[in-house]
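Reading through the structure tokens given below for one structure.
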There are 2 protein chains.
Amino acid sequence: MRQKRITLKDIARETGVHVSTVSRALDPVERKSITEEVASRIQAAADALGYRPNRIAAGLRTNRTMTVGVMIPDITNVIFPPILRGIESVLEPLGYASIIVNTDSERDRESRLVDVLRDRGVDGIIHAAVLRSDPTIARAASEGLPVVTLNRMVENSQIPYIINDEDAGICEMLGHLRDLGHRDIAHVAGPQDLSTGQLRLAAFRNAAKRLSVEFRPELVVTARRFDEKDGARCVQDLLASGRKFTAILCANDRLALGAIDELRERGIDCPRQVSVTGFNDMPFLELIRPRLTTVRIQSHVAGCTAATVLLQLMNGESAENVPMETILPVEIIVRESTAQAAH
Amino acid sequence: MRQKRITLKDIARETGVHVSTVSRALDPVERKSITEEVASRIQAAADALGYRPNRIAAGLRTNRTMTVGVMIPDITNVIFPPILRGIESVLEPLGYASIIVNTDSERDRESRLVDVLRDRGVDGIIHAAVLRSDPTIARAASEGLPVVTLNRMVENSQIPYIINDEDAGICEMLGHLRDLGHRDIAHVAGPQDLSTGQLRLAAFRNAAKRLSVEFRPELVVTARRFDEKDGARCVQDLLASGRKFTAILCANDRLALGAIDELRERGIDCPRQVSVTGFNDMPFLELIRPRLTTVRIQSHVAGCTAATVLLQLMNGESAENVPMETILPVEIIVRESTAQAAH
DNA sequence: ATGTGTCACGCAATCGTTTGCGAAAATTCC
DNA sequence: GGAATTTTCGCAAACGATTGCGTGACACAT
């Protein structure tokens, strides 16, 4: 039945040395402080008995659990799994495990989950679901818990963050539309309490100025959530306003998908009558018609980078050596949802 | 800076009682063995100091970590996130956290991950990535670790499993095709080393007999992986064989998507010339044209159920009280990828 | 032979809880 | 009011690892 676990004590008894010697012999860095002969004898005994270290006990003593917390809004949102794989790809080989939690973008749920993670003694947190101002996580970070944020950033804090080059992406996309002859370009902006939503709106405004495209506030409509339904609603509003536009630059793919759907409902063809663009290049996009022109972000790389920065923090790297800001390059992917402007 | 954590000892000193008394006062079930006045005084002190229990220390002593391991092939596969949310929805409110690992369907990686989870002292494992014969997990289970498998099952073992009613799904789908007048129905089977692949092929065979549809072995082609590429390859093989068919029943959605793509490449229209069906009803399917007729499985419910069964195991429910087999009902969703057979 | 230094290992405390046991205190019973 | 019983709480030993410190052994130089 439930076999008793092998402990250091068992190995010590078996080899006739003290448990502390066993501990050192099995620790790759301490091992050199032990006679090679003894060390290998201990190693052999450990292997023979099938010893597996008890991480819980070690964690209690060292105060390191080799566990990190990963907070995301919702794992069923397809842009997150690749990020998680990226994180895992750097952390897992080093012996870290991650506890993934979904905040559902709810403030109280989020702050409760931060506590859950801290209770479990995570060595650090990668937070891909922060709000623009987020006292819970800011407090945790200021109390010394290593934290990095991903995709978003919390304002006025010393928390390192990894984001995509929203500016460049939006700017290139706007340039693409302009080159296709579009002049009346609408923007379906994302929720303004999320830094992505806010950054992309600002980027849109800046890009317009830089590209000498007229910025038309009346052609900007703001979504409350990053989903298809709200994308559709925004297009409804746009249409209801009666203003003319030949292209819609959306703050993410899901809004764009909803937008295209709503246009289709109204008998407006994308891209012949109205061009639509997205952001993120989420998986499965190539399977959906019309294939969406969008900005590709490097999700996997983002995950890797976040993990790497967190590692530096956890290894006590002095603050000035760890990059506060990492901006990942993006690229625009032109597919079928954009076309020459109709005049 | 890094504030020292409040421990039971701190509260004991503050309230002038022994640490064991504090422990009892803070434990909802032991609390009644303490004078109410003392208990509430302790509670108040704990709140005032902002006490947070150290789960690591508790875990060392009790040998329960309130953590479960969840093994899946690949989180970027869209059918898994909903399952995870299901699991989380029952486990998280009870104070459990889950460590999710991706096996990538690699045997050695999988067995290494089982060890990783055991080293971390998980209280149980939900395994949604087992192979048909899987000694690693079988051994873990037989050594007393609570394990349940999801979507798949390991043969010749006492491990409880939760699966979908593959039989009913395939049968209904075949009936649907037959009712549309199809007689020459191909089957793109899944990998036969996975129980889903194997079960669905068997189901196809049985359903044919039950519905008096002729079973044609030469119209069955087996995929090596559950992905679009192999779905396309299977259709290539089918086409290359020169045999006539008017419908393809695929073992899952991704195979079906690949199949439709390949047909399109060859200038064969789905559904006008060939009907294609899937299995799983994964998210985003409604956005892809032609909208796929498929079998909807209850991913969220499956996750919930797996978690519930695992809980029973972990709570030491006697084996005969926990269901060995749970078969979840499925329903077929008729969309646009199936049509009347062309003759 | 003594002193100095290094090396290899043992000793014991420690991390923060939980829990069986026993003793003191409070309560009940006759 | 004393015995019997129950309640309430303290004591101390775990859980399994890590690690600072100390000590004996041995080598080497003097």
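Below, each value reflects all heavy atoms present in this structure, side chains not excepted, and no hydrogens, waters or symmetry copies. Chain letters run A, B, ... following the sequence lines, proteins first, then strands; residues in each count from 1.
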Worksheet item: Should B:E36 and B:R41 count as an ion pair when the cut-off is N to O under 4.0 Å?
Response: no
Fill in: Integer-rounded Å distance: D:dA17 C1' and A:I11 CD1
12 Å
Worksheet entry | Rounded interatomic separation in angstrom, taking CD1 from A:I56 and P from D:dG16 | 12 Å
Discussion item. Less than 4.0 angstrom from a charged side-chain N to a carboxylate O is my criterion; do A:R118 and A:E143 meet it?
Written reply: yes
Item to complete: Starting from P on C:dG16, measure out to CG on B:D10 and report it in whole angstrom.
Response: 9 Å
Worksheet, complete the sentence: In 5'-to-3' order, the base (B), backbone-only (S) or no-contact (-) status of each nucleotide in nucleotides 17-23 of chain C, using a 4.0 angstrom heavy-atom cut-off, is BBBB---
Item to complete: To the nearest Å, give me how far apart CZ (A:R64) and C1' (D:dG16) are.
Response: 19 Å
Fill in: Toward the 5' end of DNA chain D, by each residue's nearest nucleotide, B:V17 or B:L60
B:V17
Worksheet entry | Nearest-angstrom distance from the residue atom CZ of A:R31 to P of D:dT19 | 18 Å
Discussion item. Output the rounded distance in Å from CZ (B:R55) to C1' (C:dG16).
Written reply: 14 Å
Discussion item. Go through it in stages, so that I can follow the logic: the residues are B:T103 and B:I72, the test is side-chain contact (heavy atoms from CB on, under 4.5 Å), and I'd like the CA-CA distance, side-chain angles, deciding distance and then a yes or no.
Written reply: CA-CA 6 Å; B:T103 66; B:I72 56 177; over 6 Å; no
Discussion item. With a 4.0 Å cut-off on N to O distance, would you call B:D10 and B:R13 a salt bridge?
Written reply: yes
Worksheet entry | Between D:dG16 (P) and B:N63 (CG): distance, integer Å | 7 Å
Discussion item. Taking A:I100's backbone N and O only, do any of them form a donor-acceptor pair with A:S98's side chain (distance below 3.5 Å, no angle check)?
Written reply: no
Fill in: Salt bridge flag under 4.0 Å for residues B:D119 and A:R55
no
